[in-house]
Amino acid sequence: MNQPLQGASSAEEDRIYAKVGWRLIPFLVLCYVVSYLDRVNVGFAKLQMLKDLNLSDAVYGLGAGIFFIGYFIFEVPSNLILHRVGARVWIARIMITWGIVSAAMMFTNSEATFYVLRFLLGAAEAGFFPGIVLYLTYWYPSARRGRMTTMFMLAIPLSGLIGGPISGWIMSSFSSHGLAGWQWLYLLEGIPAIIVGIVVLFYLDDRIEKAHWLTDSEKAVLVRNIKAEEQTKEEPSILTAMSMPRVWIMAFTYFGFVMGLYGVGFWLPSIIKNTGVSSTLEIGLLSAIPNLFAIIGMILIARSSDRMRERRWHLAIPAVVAALGLIWSTSAGGVVTSMIALTIANVGIITVLPLFWSQPTAILSGAAAAAGIALINSVGNLAGFFSPSLVGWLQSTTGSTTSGMYLLAASLVVGALLALSQPARLVNK
């Protein structure tokens, strides 16, 4: 049996964490790509579905947002269950059930069924993202977690980079056997979640100690680093953690950022269409551009933040830049300038999301972390309800997305200010 390395060198630790990263991160990215694609493919389905079912933009916005009501209700309980039973079983359960509900979206035939299925999809997916964030705390200390969370959340722009063209292709190419293109979209993009969910049961390990692919000495190094950091964190009761002012400030900070994320995510195909692009395939290809640049931005900003051990300004500056991009997009004329503005906005919005999660995981541990992370994510993701609903209502009322983009820009600026309000000594780890 290997003897534990009590004093592993920096190079040795880098090698061990690289081994962990290659084992976990690509698979977790795949899971999140599937998750995020099923969550926002309604933005592409909208291009055909609303006309087929005679639904308004306001109905679409409300239905897109109702997902987050189910998400909000079940988020904290789901994450506490994950902390108790383990990530392997619970993440598999989440993925399989949301895959089934996502595919069932093909049976939408009225305003009522649209609302019900979107609510059930949110309930099924509740706990997935905060569960993964919590899961990463079991493997990585804070100094390494910002970069790993960023690598995991590359799934957001990747889902747009891959999913946009695929969604556009499915809707423009599939319309047979009595199903419209948007129905094929829901069916074909729901099945992968079920398949990947089954794979989770055989691939993920709940904790370091259960990882058969690590040697005893490698496990010892990882466990030692996690235990050393746990001693510097707070572990209050679940109720205390959920009532901490810092936790609620983080929740509202995240709310401001998510307002921008889903405002753009749910409406990007429609915004591109309004520039004069009519082909769903071309819309899908163009929607990939902002996500390609977002991947580059996420990696560069995360490396800078981890290297400098600075979080607050690395959150605030990209958020303000994103707000300026959204404002510019309202006056940009033509496809090229509109895409430049939307790309700037998208890079800023997506860059802040993984860096944000370095804050709550730096101050909470154990069951308190499970509850606090889930609370922050559930409150923040209520923006996923308000953002498309308000933008949809404003578009129906004014006939333009301009006022909606100003609303999203203001939310991002408020999020930036709240991020700066956090004490540097607590979050810059």
Side-chain angles (χ1 to χ4, degrees), residues 21 25-44 125 128-129 132-133 136 146-169 189 192-193 196 254 257-272 282-306 314-315 317-319 321-326 329 338-358 377 380-381 383-384 387-388 408 412 415:
I25 301 303
F27 184 70
L28 295 178
V29 167
L30 172 64
C31 292
Y32 197 26
V33 165
V34 173
S35 160
Y36 196 78
L37 191 59
D38 284 345
R39 186 186 303 187
V40 301
N41 61 8
V42 68
F44 277 93
E125 193 180 325
F128 173 74
F129 175 76
I132 297 298
V133 172
L136 291 176
R147 201 173 344 170
M148 290 302 102
T149 304
T150 295
M151 297 304 293
F152 163 60
M153 293 187 71
L154 281 175
I156 296 179
L158 275 174
S159 66
L161 183 66
I162 300 169
I166 290 177
S167 296
W169 173 71
E189 292 188 352
V196 176
Y254 196 53
F257 295 157
V258 175
M259 280 286 288
L261 174 67
Y262 287 115
V264 173
F266 284 128
W267 290 93
L268 181 60
S270 297
I271 294 171
I272 295 174
E282 290 180 12
I283 291 172
L285 292 171
L286 285 173
S287 70
I289 295 174
N291 294 295
L292 174 61
F293 283 92
I295 291 171
I296 299 170
M298 287 177 76
I299 294 173
L300 294 178
I301 298 298
R303 285 180 177 175
S304 173
S305 180
D306 274 358
H314 280 82
L315 287 172
I317 293 174
V321 169
L324 295 175
L326 288 176
S329 73
S338 294
M339 290 306 303
I340 293 173
L342 290 171
T343 297
I344 291 172
N346 200 53
V347 170
I349 291 167
I350 292 180
T351 293
V352 303
L353 299 178
L355 292 181
F356 167 83
W357 286 107
S358 63
N377 193 59
N381 271 284
S387 182
L408 301 181
L412 288 165

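Owing to the predicted nature of the structure, the values given are computational and were not obtained by experimental measurement. The figures that follow rest on heavy atoms only: side chains count, while hydrogens, waters and symmetry mates do not.
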Nearest non-hydrogen partners of I272 and I283, listed with the distance: CD1-O, 4.1 Å
- request: Rounded to the nearest 0.5 Å, what's the gap from OG on S167 to CD1 on I162? Could you check?
  value: 11.0 Å
message: To check you understand the geometry: which heavy-atom pair defines the closest contact between V347 and G297, and what is its length?
response: CG1-CA, 4.3 Å
field: CE (M339) with more than 12 external heavy atoms under 6.0 Å
entry: yes
- request: Count the heavy atoms belonging to other residues, nucleotides or ligands that lie under 6.0 Å from CZ of F27, then report whether that count exceeds 12.
  value: yes
- line: Minimal heavy-atom distance between M151 and I25, with the atoms involved, is CB-CG2, 3.7 Å
Minimum-distance pair of heavy atoms, taken over all atoms of G380 and Y254: CA-CD2, 3.8 Å
field: Side chain to side chain, I344 and F293, heavy atoms closer than 4.5 Å
entry: no
message: Between F129 and W357 (judged by ring centroids, cut-off 6.0 Å), do the two rings come close enough to count as a pair?
response: yes
- request: With rounding to the nearest 0.5 Å, note down the distance linking CD1 in I301 to CD1 in I299.
  value: 11.5 Å
- request: Drop me the distance from I132's CD1 to F152's CZ, to the nearest 0.5 angstrom.
  value: 5.0 Å
query: Does E125 have any salt bridge (Lys or Arg N to Asp or Glu O under 4.0 Å) partners at least two apart in sequence or in another chain, and if so, which?
result: R39
query: Of all heavy-atom pairs between L342 and S329, which one has the smallest distance, and what is that distance?
result: CD2-CB, 4.0 Å
- request: Can you measure from CG (L412) to CZ (F257) and round to the nearest 0.5 angstrom?
  value: 7.5 Å
field: Rounded distance (nearest 0.5 Å) linking atom OG1 of T150 with atom CG of L154
entry: 7.0 Å
- request: Considering non-hydrogen atoms only, spot the tightest contact between V34 and P192 and give its length.
  value: CG1-C, 4.1 Å
- request: Among residues two or more places apart or on two chains, list those pairs meeting side chain to side chain donor-acceptor pair (under 3.5 Å) that have a residue in residues 340-353.
  value: N291-N346
query: side-chain contact (heavy atoms from CB on, under 4.5 Å) with L408: which residues, sequence neighbours excluded?
result: M259, L326, S387, V391, M405
query: Heavy atoms, side chains only, cut-off 4.5 Å: are M298 and L355 in contact?
result: no
